[in-house]
There are 2 protein chains.
Amino acid sequence: MNKTTPAIKQDIKVSVDAIVFGYNQENGISVLLIKRKIDPFADQWALPGGFVHNEESLEEAVARELKEEAGVSINYLEQLFTFGKPDRDPRTRIISVAYFGLVKSADFSLFASTDASEAAWFNIYELPPLAFDHQEIVGKAIARLRAKITYEPIGFELLDARFVFSDLEQLYMKLLGHNIDRRNFKRKVMSLGLVIELDEKAPSIGAGRPGNLYSFDYEKYKQLKVNGFDLNKLL
Amino acid sequence: MNKTTPAIKQDIKVSVDAIVFGYNQENGISVLLIKRKIDPFADQWALPGGFVHNEESLEEAVARELKEEAGVSINYLEQLFTFGKPDRDPRTRIISVAYFGLVKSADFSLFASTDASEAAWFNIYELPPLAFDHQEIVGKAIARLRAKITYEPIGFELLDARFVFSDLEQLYMKLLGHNIDRRNFKRKVMSLGLVIELDEKAPSIGAGRPGNLYSFDYEKYKQLKVNGFDLNKLL
DNA sequence: ACAAAAGTGTTGCGGCTACACCCATGG
DNA sequence: CCATGGGTGTAGCCGCAACACTTTTGT
């Protein structure tokens, strides 16, 4: 915002990019990418995104692009960072507002099985070369995810509405890259009061005792958020 | 970033805004504001900022505007958030990338005493009405400052190169809004190893024993940052 | 000598880590 | 009946919060 109008005409375009994470047991933590069809970087993988329309908000733009390009609908979205180096796009100056999104495991699994050929999920530890500065953007998003999961219950956004405790455990371990004690982890999570135990058992697959099903308590989460709460490090 | 060029022409401008905090004993924690000269919101207080030039990075734009509008040079700067609601500016669509900056106490005090009439510092607890959505932006910046001070040593960026321990203490108390134990606070801060005690005493003002001077160890900070370090909550 | 501010040390409680045992299911 | 994974309990250590005394200066 300025007090004077700029002397020279501004020639900058605004786009949004989405870094969407999904998770399931087989594929681990994954990012949604699309294959570019035109130059520059034709046939390379890139983040879904596109130019912001004149009348829509940034969040609307992200949601629209995700639907158009990948048919995905998101259940958690927050702004990540704005990338604005003058030469980040070889064509012209483009400033991109990057958003960080999460999809439920059910949606992710559904989509992962189809081969829409244009869009695909990649495990965060096995990413292909990316167009533009998208490598850097994804790196920042992963760092955010890793940090955020230790102080906000976003892990639940990646699971199904009803989940087995070991799923949550594994998600944390895969993301943080080290083992965590099963029992201490459960005690900590339960002590937050955000997870409720259901009166239902998971179907048993193979050996071992079937676990209970749990679900995330959104109501309680909202309450706690208002009063301001500190999650202890979940390690 | 999109695979297709947008059908309709994009008509959005990009600006940067700066939320710069300063601190000294008398005035407390303050924000730098400028008085607008033209409509809309003529004669109202607003954040320093302005349109991004075609060839400069976002950070360069912030630095330039701060120099032009207030003659201030910053010693810490990070991106805060991007505000992009379609109607946040009554004239036309403007997306603003907000930056969060800190100035040293010495620079702040120097500037606070002059009355440049255009730019002025306001205590964060006594802000005037602000133009546009700048109230919201400042709110977000204060929240960030308050949160960040508990896990990163940005408090030092607001003090002089050499400072008395009670200054740091008071800064924290003023920002967090509650008392903290002098002795525990000092022990925690010193245990981080980021503060070194100098062989110099502060001049004594009025009653009481004069304190030692301390300084922030940037070298050690960089080292720790590389290895990844967790600051305990400083309460 | 007294007030005011800075420096330093100690103790006790709570929370976290590390660990072991029991339970339910499939093969 | 054995392997595999889920559920629960406990002891000991460490860290942090709460707190008191001494030191140095001005008046």
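Basis for what follows: all heavy atoms, side chains included, without hydrogens, waters or symmetry-related copies. Each chain gets a letter, A, B and so on, in the order the sequences are listed, and its residues count up from 1.
Remark: aromatic rings of F100(B) and F21(B) are close, center separation under 6.0 Å.
Helix-axis bend for the helix from dA1(C)-dT27(D) to dG27(C)-dC1(D): the local axis fitted to the five terminal pairs at one end deviates from that at the other end by 0°, rounded to 10°.
Considering only residues two or more places apart in sequence or on other chains, Y23(B) meets the side chain to side chain donor-acceptor pair (under 3.5 Å) condition with none of them.
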In residues 71-80 of chain A, what donor-acceptor pairs under 3.5 Å come from side-chain atoms, sequence neighbours left out?
{"residue": "N75(A)", "atom": "ND2", "partner": "L102(A)", "partner atom": "O", "Å": "3.3"}
{"residue": "Y76(A)", "atom": "OH", "partner": "E78(A)", "partner atom": "OE1", "Å": "2.5"}
{"residue": "E78(A)", "atom": "OE1", "partner": "K148(A)", "partner atom": "NZ", "Å": "3.1"}
{"residue": "E78(A)", "atom": "OE2", "partner": "R144(A)", "partner atom": "NE", "Å": "2.9"}
{"residue": "E78(A)", "atom": "OE2", "partner": "R144(A)", "partner atom": "NH2", "Å": "3.3"}
{"residue": "Q79(A)", "atom": "OE1", "partner": "Y99(A)", "partner atom": "OH", "Å": "3.4"}

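Counting to the nearest Å, the P atom of dA18(D) and the NE2 atom of H178(B) are 11 Å from each other. The nearest whole Å value for the distance from the CZ atom in F185(A) to the C1' atom in dC16(C) is 15 Å.
Taking every heavy atom of residues 154-165 of chain B and every atom of DNA chain C, no pair lies under 4.0 Å.
A salt bridge links R64(A) with E68(A); the closest basic N to acidic carboxylate O contact falls under 4.0 Å.
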Under 4.0 Å protein heavy-atom contact, by nucleotide of nucleotides 19-27 of chain D - B base, S sugar-phosphate only: BB--BBBS-
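Sorted by first and then second residue, the salt bridge (Lys or Arg N to Asp or Glu O under 4.0 Å) pairs involving residues 154-176 of chain B (not counting sequence neighbours) are R162(B)-E200(B).
For Y214(B) and dG7(C), the shortest distance from a side-chain N or O to OP1 or OP2 is below 4.0 Å. Phosphate contact (OP1/OP2 of dT8(C), side-chain N/O of K186(B), threshold under 4.0 Å): present.
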